[in-house]
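Note that ligands are numbered from 1 as they come in the structure, with each ligand's atoms numbered from 1 the same way. The shown structure was predicted, so the numbers you read here are calculated from the model rather than taken from an experiment. Values reported hereafter were calculated over all heavy atoms of this structure, with side chains retained and with hydrogens, waters and symmetry mates removed.
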Amino acid sequence: MEKIDILSLGLQELQDEIVKFGEKKFRAKQIFQWLHVKRVFDFDKMTDISVQLRARLKENFCVNRLFVQKRLESSIDNTVKYLYRLSDGNFVETVLMEYSYGFSLCVSTQVGCKMGCRFCASAIAGFVRDLSPSEILMQIYETEKNSGVKISGLVLMGIGEPLDNYDNVLKFLELLSSKDGNNFSLRHVSLSTCGIVPKIYELAKLKLGLTLCISLHSSENSARSEIMPVNRAYNIQELLEACRRYIAETGRRITFEYAVIDGVNSSDADADRLSDLLRGINCHVNLIPVNKVKERSYSTAANAVSAFAARLGKRGINATVRRTLGSDIEAACGQLRRDAAKK
Ligand code: SAH
């Protein structure tokens, strides 16, 4: 019999399992707190649980740890990038970043990605599988343990498309925010999507309080379809309609991500078209200089990002330029895994 991945179970599900052993329900809460609050993953160390129940737990459940395969520390800022090896030998990346308000963690949601964005290193190594809720959660637990740092912000912007692993990502968010566990406020979570429209409508209904980030990267359908194949399934107009609905349902402002790429989306006309598109939408634009991916020739000219920001600003669109962190350690998502997978 295959063992159950205990860290992917919500408290209710764990209770259902524990009751099957003829145990009292409150035992589940004790175990849940050992795992998610004390972060003790060895059943033998759960000292307020009977020896019999501990044996039962060992027989029926497993904890899938992550192993640090590589740890790169930036010498420019305090960014630390982890390449984690999963229990089946696959790799994912997690990036710890320091901001003035505290530490933020960027986690992966899939091994690889199906979306095929042209400028993204994650697309190059291909898609392998979804991460389980526990594998997303363990990126936080293992990184906090390894670094000794407490994370105050979380971004789902690592490898993978979170809305293409919708159920597991939602379960992860439930575990993360559980009152009996981490009690982490979803107000401090950002979820980034390339624009899987039906899932944006589903997410809107849940009113989770997280910040939705949309990887827009172009204001014109033909150009966007070139660099982001997902645009052929859900075009810009359908995407923005879903965003309007998301804002109306949740009352939350949306962030649009836009990597300014020479010869692709960086002209004055691009900025003007973008400001026309976004006018009236409660949003914020995050401009990003494109991260160099060695298989691709995309680049951003020296002053292109600030010029683009200024042009948007003049037309009343609120835009900020994202700081580049960890540029010396290939902190852009997917680059380490791609290299590890090649070997
Ligand atoms: N799949 C999700 C989240 C992962 S990528 C999404 O598409 O949003 C996180 C962000 O980094 C996205 O906005 C993505 O478009 C952007 N990105 C990927 N590769 C990049 C690169 N080489 N330069 C700049 N931004 C990049």
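- Heavy-atom contacts of Cys120 reach the following atoms of ligand 1: 18 (C), 19 (N) (cutoff under 4.0 Å).
- Below 4.0 Å from some heavy atom of Gly158 lie the following atoms of ligand 1, by number and element: 4 (C).
- The residue from Glu161, Met228, His217 that puts a heavy atom closest to atom 14 (C) of ligand 1 is His217.
- For atom 23 (N) of ligand 1, the choice among Leu216, Ile214, Asn291 with the nearest heavy atom turns out to be Asn291.
- Summarising the contacts of atom 9 (C) of ligand 1 with Arg322, Gln110, Met157, the nearest heavy atom is found in Met157.
- For the atom pair OG1 of Thr94 and CD of Glu142, the computed distance is 10.0 Å after rounding to the nearest 0.5 Å.
- Note: an N/O pair closer than 3.5 Å links Phe119 and ligand 1 by distance alone.
- Near Val293, with a cut-off below 4.0 Å to any heavy atom, the atoms of ligand 1 are 22 (N).
- Residue contact check: Thr193 has heavy atoms under 4.0 Å from atoms 6 (C), 7 (O), 8 (O) of ligand 1.
- When the salt bridge (Lys or Arg N to Asp or Glu O under 4.0 Å) test is applied to Arg232, no partner is found at least two apart in sequence or on another chain.
- Of all atoms in ligand 1, numbered sequentially from 1 with element shown, those under 4.0 Å from a heavy atom of Gly160 are 1 (N), 2 (C), 3 (C), 4 (C).
- Sorted by first and then second residue, the pairs that involve residues 37-83 and meet ring pair (Phe, Tyr, Trp, His ring centres under 6.0 Å), not counting sequence neighbours, are Tyr82-Tyr84.
- With salt bridges taken as basic N to acidic carboxylate O contacts below 4.0 Å, none links Asp276 and Arg273.
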